[in-house]
Amino acid sequence: MILHSFRYPREASPPAAIAPLNASRPRLIFLHGMGGNGSLWRPIAAGLEDAADILCPDQRGHGESTLAPEVTTYGPLDFAGDLVETTATLGFSSARTPAWVIGHSMGVRTACGYAKLDPFAVAGLVLVDLGFSGLAGGGVGDLLAVFLKDLPPEFPDRASARAFLAERCPDPAIAQYLLAVSRTRIGSPRLWFPFDREALLK
């Protein structure tokens, strides 16, 4: 599965064109956590794009990386396989141009899987904030699974979403994170979450 990805740096002309890869610059791959998307890394990428080529994919079932009907598995190596396919297609990392892979939370699992599947394409790993419960760390857990099943697909506005999350979300940090990844459509106050809830539960 080829993942929708954000690439930096971008050039001003034509508008928002992706700059060509530079073999002399380091390459960085940023992997978001569960429920997130690649755009979350933009503030960090902005501080690094003058010195590095950066790839921030939306992982399987997140952001614009919508799932094909045949996608039914959601293990770390499944996510990592998507990254291998994506980086190969984009020519982003290889044995000649290995990348540093930075994973947060669920992205830690993907980063480790990527290093297993394509070790020579990895210059090193930076692993941030993986929970230690579950077979491979992290996971949804029973309380969060119940909450996700009850989470409406959208809210009339941000205030409604904030009130629902404050009352129903089992972890205030997750509530804050969900508000951070939420999106609105131009001209509408309605708020929605850019992830496939069924994929998260699986």
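Note: Tyr8 OH to Arg10 CZ = 6.0 Å, rounded to the nearest 0.5 Å. Taking CG of Leu165 as the reference point, atom OG of Ser160 lies at 10.5 Å (rounded to 0.5 Å). For the atom pair CD1 of Ile54 and CZ of Phe92, the computed distance is 7.5 Å after rounding to the nearest 0.5 Å. Rounded to the nearest 0.5 Å, atoms CE (Met34) and CD1 (Ile174) are 6.0 Å apart. Rounding to the nearest 0.5 Å gives a distance of 4.0 Å between NE2 of His104 and CG of Asp129. In this structure, CD1 in Ile102 is found 9.0 Å from CD1 in Ile44, a value given to the nearest 0.5 Å.
Salt-bridge check for Arg60 with Glu85: failed, with every basic side-chain N at 4.0 Å or more from each acidic carboxylate O. Look at Glu49 and Arg42 and you find a salt bridge, because one of the NZ, NE, NH1 or NH2 atoms lies within 4.0 Å of a carboxylate O, short of that distance.
Looking at every heavy atom in both residues, Ala111 comes nearest to Leu125 through O-CD2, 3.8 Å. Contact between Leu77 and Gly113 at its shortest, heavy atoms only, is CD2-CA, 3.8 Å. Closest heavy-atom contact between Leu31 and Gly107: CD1-O, 3.6 Å. Across all their heavy atoms, Leu67 and Gly61 have their closest contact at CD2-N, 3.4 Å. Summarising the geometry of Cys169 relative to Ala175, their closest heavy-atom pair is SG-N, 3.6 Å, with the distance given to 0.1 Å. What you find for Arg183 and Ser39 is that their closest heavy atoms are NH2-OG, 3.9 Å.
Residues Val128 and Met106 do not share a hydrophobic cluster, defined by chaining ILVMFWY side chains whose heavy atoms lie under 4.5 Å apart. A single hydrophobic cluster is seen to contain both Val84 and Ile29, as judged by linkage of ILVMFWY side chains at heavy-atom distances under 4.5 Å, directly or through other members. Residues Val108 and Leu55 fall within the same hydrophobic cluster, defined by Ile, Leu, Val, Met, Phe, Trp and Tyr side chains chained together at heavy-atom separations under 4.5 Å. In the hydrophobic clustering of this structure, Trp100 does not group with Leu90; members are Ile, Leu, Val, Met, Phe, Trp, Tyr whose side-chain heavy atoms approach within less than 4.5 Å, directly or through other members. When hydrophobic clusters are built by joining Ile, Leu, Val, Met, Phe, Trp and Tyr residues whose side-chain heavy atoms come closer than 4.5 Å, directly or via intermediates, Leu48 is grouped together with Val126.
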I'd like to know whether Leu200 forms a side-chain contact (heavy atoms from CB on, under 4.5 Å) with Phe193, so could you lay out the CA-CA distance, the side-chain angles of the two residues, the decisive distance to 0.1 Å, and finally the verdict. CA-CA 12 Å; Leu200 295 188; Phe193 302 104; over 6 Å; no

Take Arg27 and Leu21 through the side-chain contact (heavy atoms from CB on, under 4.5 Å) test and state the conclusion after the steps. CA-CA 9 Å; Arg27 296 189 184 180; Leu21 292 169; 3.5 Å; yes

Full working for side-chain contact (heavy atoms from CB on, under 4.5 Å) between Asp53 and Asn22: CA-CA 7 Å; Asp53 289 315; Asn22 183 331; 3.9 Å; yes

Check against side-chain contact (heavy atoms from CB on, under 4.5 Å), Val181 and Leu40: CA-CA 7 Å; Val181 302; Leu40 290 176; 3.5 Å; yes

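For Phe164, the side chain to side chain contact (heavy atoms under 4.5 Å, CB included) test picks out Phe147, Leu151, Pro152, Phe155, Arg168, with sequence neighbours left out.
In this structure a side-chain-to-backbone donor-acceptor pair under 3.5 Å is missing from Arg190 to Glu154. In this structure, Thr73 contributes its side chain and Gly75 its backbone to no donor-acceptor pair below 3.5 Å. In this structure, Ser65 contributes its side chain and Asp58 its backbone to a donor-acceptor pair below 3.5 Å. Using modelled atom types, no side-chain atom of Thr86 and backbone atom of Leu83 make a donor-acceptor pair closer than 3.5 Å. A donor-acceptor distance shorter than 3.5 angstrom exists from the side chain of Ser5 to the backbone of Leu3, with no hydrogens or angles considered.
Between Phe6 and His4, the angle of the ring planes goes over 60°, which puts this pair in the perpendicular group of the 30/60° scheme. Ring planes of His62 and His32: tilted class, angle from 30 to 60°.
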